[in-house]
There are 2 protein chains.
Amino acid sequence: MSEVRLKDALDTLKDSGVRITPQRHAILEYLISSESHPTADDIYKALESDFPNMSVATVYNNLRVFLNAGLIKELTYGDASSRFDFVTHDHYHIICDDCGTIVDFHHPGLEEVEHLASHVTGFKVNSHRLEVYGTCPICASRVATTN
Amino acid sequence: MSEVRLKDALDTLKDSGVRITPQRHAILEYLISSESHPTADDIYKALESDFPNMSVATVYNNLRVFLNAGLIKELTYGDASSRFDFVTHDHYHIICDDCGTIVDFHHPGLEEVEHLASHVTGFKVNSHRLEVYGTCPICASRVATTN
DNA sequence: TACACTGATGATAATGATTATAAAGTGAGA
DNA sequence: TCTCACTTTATAATCATTATCATCAGTGTA
């Protein structure tokens with residue numbers, strides 16, 4: 001399953017003339033296997049043991065390569081670091097205000113909002129972004145017991 | 001109209017024990033009068049002539065004060081600077097991918113999405129954020145004529 | 001009015017994420 | 001093997017934002 005996704009991703013890259021290096025392979029693999037929407041630094045640290053000489057710049061460079069190829073999405077929140085999410089099927093994110101955990105949830109696309117926005121503003125719409133914020137069950141129970 | 005909003009905002013601040021300084025007055029006034037969702041630096045530059053000695057830190061400090069008081073909202077996109085938006089009635093934003101212009105549009109709140117997200121993930125929902133991306137009419141026509 | 005206290009400001013240094021630069025490495029094709 | 005273009009690495013630079021701390025201002029009190 002995830003092997004298929006990795007293979008597809010590597011094929012997509014090769015097809016657009018991007019060379020597959022060990023670093024790229026590893027970063028992609030980590031992105032696909034990770035459930036945690038990692039930051040660039042997360043990836044860097046996770047691959048440190050396998051690639052002791054890899055530079056942070058390589059992580060950033062290749063994340064941008066993957067972004068351009070449409071393989072991943074960048075998630076940005078407030079002042080924190082960007083997180084990266086391997087693109088699979090459409091989903092939105094819910095983010096814990098306390099601990100920053102990101103959980104996926106599925107919901108039909110908000111086409112009617114896009115249409116309304118386009119109609120009212122005259123913009124040609126490309127995409128939208130929706131995030132829900134709240135408190136995750138773990139943080140909720142921690143707060144409950146702390147009080 | 002905007003005088004009323006300014007007065008209300010100042011009252012809100014005073015009620016929560018925040019001292020009204022000339023700088024705070026000016027920053028708030030600028031936020032209310034501005035249609036452009038300014039960055040901290042925009043504000044700093046706009047007030048430079050009136051307050052030649054004002055420090056950027058003062059702008060940031062007070063933006064945080066206003067955030068805590070619920071008077072403004074912080075909008076963050078990608079790697080660019082945060083923008084600040086005086087809170088009025090509920091609205092969403094549509095952002096031009098080319099020039100970064102932000103335009104408001106109204107749409108009923110997405111309660112059903114919040115409910116679904118909460119139901120599926122077990123989070124207690126606090127809020128959500130929705131942004132639509134596209135090309136504004138000006139950029140659209142520029143692209144059309146450039147080709 | 002003088003004094004003291006608390007919060008606000010201003011100058012500047014520090015931080016942290018990200019990007020730029022340049023030198024050295026690597027792999028595919030001639 | 002030689003070359004060329006692309007990659008990586010190391011490191012410096014950038015830029016927004018935050019922290020620090022000395023100075024300043026406003027309010028309440030004697």
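Proteins come first, then strands; the chains are lettered A, B, ... in the order of their sequence lines, and each starts at number 1.
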Sugar-phosphate, base or nothing in reach of B/Asn62, heavy atoms under 4.0 Å: sugar-phosphate
Presence of A/Arg64 side-chain N/O under 4.0 Å of C/dT18 phosphate oxygens OP1/OP2: no
Between B/Asp42 and B/Thr39, a side-chain donor and acceptor under 3.5 Å: yes
Spacing between A/Arg24 atom CZ and C/dG25 atom P, to the nearest angstrom: 19 Å
Side-chain (B/Ser33) to main-chain (B/Tyr30) donor-acceptor, under 3.5 angstrom: yes
Validation row, ring centre A/Tyr92 to ring centre A/His128 under 6.0 Å: yes
Whole-Å distance separating the CG atom of B/Leu28 from the P atom of C/dA8: 14 Å
Test item: side-chain donor near acceptor, B/Arg129 and B/Thr76, under 3.5 Å: yes
Spacing between A/Lys14 atom NZ and D/dC6 atom C1', to the nearest angstrom: 17 Å
Residue A/Arg19, side-chain atoms from C-beta onward, closest of D/dG26, C/dT19, D/dA5: D/dA5
Flag for B/Ser82-B/Glu74: side-chain donor and acceptor within less than 3.5 Å: yes
Polar-atom pairs under 3.5 Å, protein N or O versus N or O of nucleotides 10-14 of chain C: list them with distances, or write none.
{"unit_1": "C/dG10", "atom_1": "OP1", "unit_2": "B/Gln23", "atom_2": "NE2", "d": "3.2"}
{"unit_1": "C/dG10", "atom_1": "OP2", "unit_2": "B/Ser55", "atom_2": "N", "d": "3.4"}
{"unit_1": "C/dG10", "atom_1": "OP2", "unit_2": "B/Thr58", "atom_2": "OG1", "d": "3.0"}
{"unit_1": "C/dG10", "atom_1": "O5'", "unit_2": "B/Asn53", "atom_2": "O", "d": "3.3"}
{"unit_1": "C/dA11", "atom_1": "OP2", "unit_2": "B/Asn53", "atom_2": "O", "d": "3.0"}
{"unit_1": "C/dA11", "atom_1": "N7", "unit_2": "B/Ser55", "atom_2": "OG", "d": "3.4"}

Sequence-distant partners of A/Asp104, side chain to side chain contact (heavy atoms under 4.5 Å, CB included), two or more places apart: A/His37, A/His91, A/His93
Below 4.0 Å: OP1/OP2 of D/dT17 and any side-chain N or O of B/Ser82: yes
Spacing of A/His25 atom NE2 relative to C/dG27 atom P, expressed in whole Å: 15 Å
Value in whole Å for how far the C1' atom of D/dT17 lies from CD1 of B/Ile43: 14 Å
Side-chain donor or acceptor of A/Thr12 paired with backbone N/O of A/Asp8 under 3.5 Å: yes
Spacing between A/Tyr44 atom OH and D/dA10 atom C1', to the nearest angstrom: 10 Å
Minimum-distance nucleotide to B/Tyr60 side chain [options: D/dT18, C/dT19, C/dT9]: D/dT18
B/Lys45 NZ to D/dA16 P, straight-line distance once rounded to whole Å: 8 Å
Length of the line joining A/Leu63:CG and D/dT7:C1', which is rounded to integer Å: 15 Å
Short side-chain N/O contact to D/dG26 OP1/OP2 from B/Thr21, under 4.0 Å: no
